[in-house]
There are 2 protein chains.
Amino acid sequence: MVSIEDVARRAGVSTATVSRALSGNGRVSAAAHQKVTEAATALDYVVSSSASSLASGRTKNVGLMVPYLTRWFFTSVVEGAQQALMRHGYDVTLYNLSGSVAERESVFDVFLQRQRIDGIITVSLKLSGTEVERLHAFGKPVVGVGGPIDGVRTLTLDDDAVSSIATSHLLALGHTRIAHIGGSEDFDLEFHIPTNRRHGYEMALRNAGITPRPEYFSTADFTIEGGYHAAKQLLGSPLERPTAIFASSDEMAIGCILAARDLGLVVPRDISIIGIDGHELSEFFGLTTVAQYPEKQGAHAVKILMNLLVPGKHPEIPENTPLGYDLVVRSSTSRPPE
Amino acid sequence: MVSIEDVARRAGVSTATVSRALSGNGRVSAAAHQKVTEAATALDYVVSSSASSLASGRTKNVGLMVPYLTRWFFTSVVEGAQQALMRHGYDVTLYNLSGSVAERESVFDVFLQRQRIDGIITVSLKLSGTEVERLHAFGKPVVGVGGPIDGVRTLTLDDDAVSSIATSHLLALGHTRIAHIGGSEDFDLEFHIPTNRRHGYEMALRNAGITPRPEYFSTADFTIEGGYHAAKQLLGSPLERPTAIFASSDEMAIGCILAARDLGLVVPRDISIIGIDGHELSEFFGLTTVAQYPEKQGAHAVKILMNLLVPGKHPEIPENTPLGYDLVVRSSTSRPPE
DNA sequence: TTGAAAGCGCTAACAT
DNA sequence: ATGTTAGCGCTTTCAA
């Protein structure tokens, strides 16, 4: 193992100068900087993270907490955050809360306590009061993506605006019988996935002079399968059939498309379908959607965290940059049948 | 911060004893062990990972290297490995190679070198000669999942057996015109996804006295979309249409199902379809598949790694436990049309 | 079985 | 701008 002393010796300076030159903390003459850099390169020197952490209290490591990994949104956020962190020289430690209760507890009681991370990014996490407490007691900066956490700076999509846009798109096409598949409440209890997109939908309808009909509202679990079953109910009922469905996620919307097909309905001729997400599968299915950009959200969270970690060193982030989203119109929506 | 000294004082022993009692290295009397444990619990003491790493050279942290995250197989392996590692008290650092070339290099040159991990698990990684060298120079145990790496113990599905089973299932149903969608070579160049499942398919055919027809072979990129386009070609061609398709992945197989539907073909009446994976969507689509279990593969890799890390402490792993797989018959396969 | 003490490799006062 | 040096909190000889 090549140590800082080896570099110092080769560069003909003290270890302190090497440390300063390589870390960028403290002033070093150009000449010294040059010698140090050369020596370090020649020796393939990389600081030992444990030694550095122990001495400085900084770890150059950030924790990423997710409810689980096998969901497009979560993985995308993680991917975006991970790449951004790497660019800042940070490692990423993954905390997956999908295990047993005991395991989940140990994340808070043991893993977070061992001084391995400088900060945390939580993704769509629904935390208990105790967990939030422990998170704060941890004393390191925390940034959340998706779903508010008490006392934590969180990035959340403007659900009202997004669902209002989706609904308005259908209204503008001339639809009046618009159904909505939202998330079920008990789903929201486990991890935070917005179940409150219903509000924007109803507002948009009301603004258009339409009273939301309860029989046009249904809930599912955000998956293709869930959306499929909900849509079957909505479309198969002998009541006046809706001419459009707005689903709270692309996966559910894809489920709707498949359900419509199985019922012999043609999309969009007989039924228009719109989702929210910009899921990787949405293009293939020709799904109109309001795209959100989870990778960007992850990267954005990193920016904020970096500001908290090394104040002043990074460009200031406006306190509340809203998260971006775009209506992407494809072939699953059109004017309603005459 | 509560330190080892606080615990030692409270327990009335030396820091050395505390260390021994808590780590399990070195003998400690039952009485001392008890006192230490109590004191540690009372004080909410958790060892500082950097201090411990610096002193011992062990980090209790394992690196997980993936080509990228947004693919069912990779995430599932990561999830399985992560949970298993947590149970052993190990943290997981995620190295995602999906970024730019420079970023990919920095993983090997910087991130791996900073002494933060005790070992590495690679997932479906295709590494250059230099990268493999660096990995070995790193001097820590490496275990691979999916795709062989020179000099690295790797877990790989028996592709021959798996594709032979899939093909045999179709043969046993009476199919003789069986097409195969494999992975494209250039896809394999980037990250390792088995493109050699063709062999088992052809062997099975030959054993049944059937000569593989080149026009029944096609390749795609393992996605739904790729499978869809390949299937359209296979099924839309004016040649004698195959009565069954064996796709190298469930996502491609799902693409086949959708393509068949769009062509007005009924699955399985007109065309039988089978995949490989046991993908989370396979059940919904009624897809017959040869399921593999990526979470288990991840957990299995951890077992092997633990043995390498702390030899003797964990149950011995037979040198070559084959990875499990199962034929799961659903509604996408049946006897061929008369 | 236990304790004393010497580091592990680095950073950050402090002094120059 | 640079060097000296005292720790950071733990593990691990070594001696008892």
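Just so we're on the same page: letters track the sequence lines, and every chain starts at 1.
Atom pair B/Arg27:CZ and D/dT13:P shows a separation of 14 Å (rounding to whole Å applied). Across the protein-nucleic acid pair, B/Asn25 atom CG and D/dC10 atom P stand 15 Å apart, rounded to whole Å. A/Glu5 has its CD atom 13 Å from the C1' atom of D/dG3, to the nearest Å. Note: CG (A/Leu54) to C1' (D/dT11) measures 12 Å, nearest angstrom. Note: CD1 (A/Ile4) to P (D/dG3) measures 12 Å, nearest angstrom.
Extent of DNA chain C lying under 4.0 Å from chain A heavy atoms, first and last nucleotide in 5' to 3' order, is C/dG9 to C/dA13.
At the phosphate of D/dA1, neither OP1 nor OP2 sits under 4.0 Å from any side-chain N or O atom of A/Ser29. Neither OP1 nor OP2 of D/dC10 sits under 4.0 Å from any side-chain N or O of B/Ser48. The side chain of A/Thr17 places no N or O atom within less than 4.0 Å of a non-bridging phosphate oxygen (OP1 or OP2) of D/dT2. Between B/Arg58 and the phosphate of D/dT12, there is a side-chain N or O to OP1/OP2 separation shorter than 4.0 Å.
Within a 6.0 Å sphere centred on CG of B/Asp158, heavy atoms belonging to other residues, nucleotides or ligands number more than 12.
A heavy-atom distance below 4.5 Å is not found between the side chains of A/Gln113 and B/Asp44. Residues B/Asp91 and B/Lys60 form no side-chain contact, since every pair of their non-hydrogen atoms from C-beta on lies 4.5 Å or further apart.
Donor-acceptor pairing under 3.5 Å is recorded for the side chains of B/Ser98 and A/Gln83.
Under the 6.0 Å distance and 45° angle rule, B/Arg104 does not count as a cation-pi partner of B/Phe108.
Residue-level contact check: B/Arg114 touches neither bases nor backbone, having no heavy atom under 4.0 Å from any strand. Contact annotation for B/Val18: no contact, since no heavy-atom pair falls under 4.0 Å across all strands.
To the nearest 0.5 Å, atoms CG (A/Leu69) and CG (A/Leu64) are separated by 9.5 Å.
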